[in-house]
**Q** 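Sending over a structure as structure tokens; questions will come in a sec.
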Amino acid sequence: MRINPLALAVYAVLAFIFATFDGLAGPLSDLIALGVPILVLTSILHLFLSNHWFRFHQNFSSDHPRKGQTVEYALSFSNESVVPLAQGVCVFSNPGPLDSFSSSVAIPSGGLQSGEYRAEIRCSYRGTYIVGLSSYRFTDVLGILTLETRIEPRVFYVYPELVQLDSSVERLARSSGADRPGSSALDEDPSIFEYLAPLRAGIPSTRIAWKRWAATGTPSRIVSGKSRSTALRVFLDLWQGPRNTLEKLASEDMAVSAAFSVLQYLSQSRIPAELVLGNREQGIRIDNPEDFTRVFDLSTNIIFMETEFPDRAFGNSTSTLLITTRPLVGSFGGAELDLFTAFEEALPANRAPHLLACPGPIAAERERATVEALLELQKACGTKQLAALADPAQGIEDIRHALCVPS
């Protein structure tokens, strides 16, 4: 509730002036003296009734959109009384860097009238969106008092785009047993002993426990366990980069899409994977599609706010895919090394990860030349690590082009 001091002062002065006429000219003077107070009270009463008679309903075409998707928004409002409403407006929140709504929309004031407002919410970037009606307010006819009703805007999460990858991604993974590329994490790993079970007809077994059979006289077979070591670590570098730029948003969304596209394929193929977010000590284990769905729900809240060098991506015994938005040449945030120098030192020792660079559209050409120089360095060292670039300007399909090439 807000009071307009100027309007209130004007009507207070008028009420005082007309009150001086009270009793000077009979009943007419009494009416003049009471006219302004009655008018003010009637206007305020109409304001509260207008707030009571107003009804609205808002609808979203989707609660779980993906990046790049458009959500249709509709707001319906009506007056349930035959009496016209006070002057009112609906106020909206504007999500993302691009405005989707008008700042406000007038409410029809006629009796038993209804109206509708439509807008398209452009989910241009991954993240959390606060959208829809944030409040509606009415102002009385005399402009003295404003009633505003706050509405909790709808909060929904825009997920990154995903691209379907093919089996050539498996060449990035490297492990043993059931984790080897092309096999399933559901397969038994003969190197892991699980338990002994009776040997029965109809249940084939290639591993018979001969010593147990000889000692007990009971035919037994060895049941192998399943390997749980990670076949690929997906290291997502959370470099903060330049702040509040569309270049930054485009590169970060490309990096997140690439990371979860790889994880989606690995989970569907039952190849164990681990997602490492920046320099966090603990990674997130993903063994199956259910694990992926759980982790994918967290993708909207990944924030690129780190300045440290991603040194944990180098020298790990598990095959690692480093996905980064930072420039390959140049040190940032006080780091002594840049990425290219780190690769120069790690390649001869076979400690270098696979690399997928996701620069902004403007920096893509410059970074592409650096990636080509890194490929020449790998060739000289005799390694077959991935070094590729995904350009946001080319769209989500450039991830497929970067990752799904013949080995």
Side-chain angles (χ1 to χ4, degrees), residues 67-68 125-126 160-166 168-173 232-242 245-265 275-276 278 302 304 306 309-310 313-314 319-332 335 337-347 352-381 383-407:
K67 174 184 177 293
Y125 298 95
R126 171 194 60 91
E161 289 180 283
L162 296 180
V163 60
Q164 291 293 330
L165 304 176
D166 60 37
S168 61
V169 175
E170 296 181 13
R171 78 192 190 282
L172 303 177
L232 180 66
R233 294 169 72 239
V234 178
F235 190 105
L236 183 58
D237 182 15
L238 301 182
W239 179 61
Q240 68 176 10
T245 64
L246 296 182
E247 183 92 349
K248 168 183 169 68
L249 292 174
S251 61
E252 290 177 357
D253 282 0
M254 196 70 163
V256 174
S257 292
F260 282 93
S261 294
V262 171
L263 292 171
Q264 176 181 246
Y265 175 83
L275 173 63
V276 180
I302 295 176
F304 289 68
E306 294 185 357
F309 185 80
F314 292 81
S319 181
T320 301
L321 171 63
L322 170 60
I323 302 176
T324 183
T325 62
R326 74 176 70 211
L328 301 182
V329 176
S331 58
F332 306 92
L337 287 177
D338 62 13
L339 278 176
F340 194 86
T341 303
F343 273 94
E344 280 185 315
E345 296 178 356
L347 281 171
H354 301 288
L355 172 68
L356 178 63
C358 299
I362 297 177
E365 284 305 315
R366 180 184 70 247
E367 292 302 305
R368 195 181 303 277
T370 308
V371 169
E372 291 175 357
L374 181 59
L375 286 171
E376 291 298 324
L377 182 61
Q378 290 181 352
K379 185 177 180 180
C381 294
T383 63
K384 294 183 179 180
Q385 301 293 93
L386 172 76
L389 181 143
D391 184 359
Q394 303 299 320
I396 191 72
E397 289 299 319
D398 206 40
I399 295 175
R400 191 199 313 273
H401 175 75
L403 295 177
C404 297
V405 293
S407 57

**Q** May I ask you to decide if the ring planes of F343 and F314 are parallel, tilted or perpendicular, using 30° and 60° as cut-offs?
**A**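 The rings of F343 and F314 stand perpendicular, inter-plane angle above 60°.
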**Q** With rounding to the nearest 0.5 Å, note down the distance linking CD in Q164 to CD in Q264.
**A**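 That separation rounds to 4.5 Å.
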**Q** When rounded to the nearest 0.5 angstrom, what distance separates CG in L355 from CG in L389?
**A**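 Nearest 0.5 Å value for the CG-CG distance: 8.5 Å.
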**Q** Kindly compute the distance separating CZ (R326) from CD (E367), expressed to the nearest 0.5 Å.
**A**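 One gets 11.5 Å once the value is rounded to the nearest 0.5 Å.
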**Q** Rounded at 0.5 Å granularity, tell me how far CD in E247 sits from CD in E252.
**A**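 Separation between the atoms: 11.0 Å.
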**Q** Can any side-chain N or O of T320 pair as donor or acceptor with the backbone N or O of P353 at less than 3.5 Å?
**A**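 Checking the backbone N and O of P353 against the side chain of T320, no donor-acceptor pair under 3.5 Å is found.
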**Q** Suppose we screen for side-chain contact (heavy atoms from CB on, under 4.5 Å). Which residues come up paired with E365, at least two apart in sequence or across chains?
**A**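 For E365 the side-chain contact (heavy atoms from CB on, under 4.5 Å) partners, ignoring immediate neighbours, are R368.
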**Q** Who passes salt bridge (Lys or Arg N to Asp or Glu O under 4.0 Å) against E161, sequence neighbours left out?
**A**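 Listed in chain order: K67.
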**Q** Taking salt bridge (Lys or Arg N to Asp or Glu O under 4.0 Å) as the test, write out the residues that go with E397, two or more places apart.
**A**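 Salt bridge (Lys or Arg N to Asp or Glu O under 4.0 Å) check on E397 returns R400.
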**Q** Taking C-beta and beyond as the side chain, do I323 and C358 meet within less than 4.5 Å on heavy atoms?
**A**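 Yes - at least one pair of side-chain heavy atoms lies under 4.5 Å apart.
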**Q** With distance as the sole test, does K248 use its side chain to make a donor-acceptor pair with the main-chain N or O of T325 at under 3.5 Å?
**A**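 Checked: no pair found.
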**Q** Find out whether Y265 and S168 are in side-chain contact, i.e. whether some heavy atom of one side chain is under 4.5 Å from a heavy atom of the other.
**A**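 No - every pair of side-chain heavy atoms lies 4.5 Å or more apart.
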**Q** What I'd like to find out is whether the side chain of L339 reaches to under 4.5 Å of the side chain of L374, using heavy atoms alone.
**A**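 Counting from C-beta outward, L339 and L374 never come under 4.5 Å.
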**Q** For a 4.5 angstrom cut-off between non-hydrogen side-chain atoms, does R171 reach L386?
**A**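 Touching, per the 4.5 Å side-chain cut-off.
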**Q** Looking at side-chain heavy atoms only, is the closest gap between F260 and I302 below 4.5 Å?
**A**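 Contact flag for F260/I302 side chains = yes.
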**Q** Give, for atom CG of L249 and atom CE of M254, the distance between the pair rounded to the nearest 0.5 Å.
**A**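 Going from CG on L249 over to CE on M254, the span is 14.5 Å.
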**Q** To the nearest 0.5 Å, tell me how far T341 OG1 sits from L328 CG.
**A**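 Interatomic distance, T341 OG1 to L328 CG, rounded to 0.5 Å: 10.5 Å.
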**Q** With a 4.5 Å cut-off on side-chain heavy atoms, are T324 and P310 touching?
**A**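 Contact flag for P310/T324 side chains = no.
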**Q** Counting C-beta onward and ignoring hydrogens, is there a side-chain heavy-atom pair between L232 and V262 closer than 4.5 Å?
**A**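 The answer is yes; the side chains approach within 4.5 Å.
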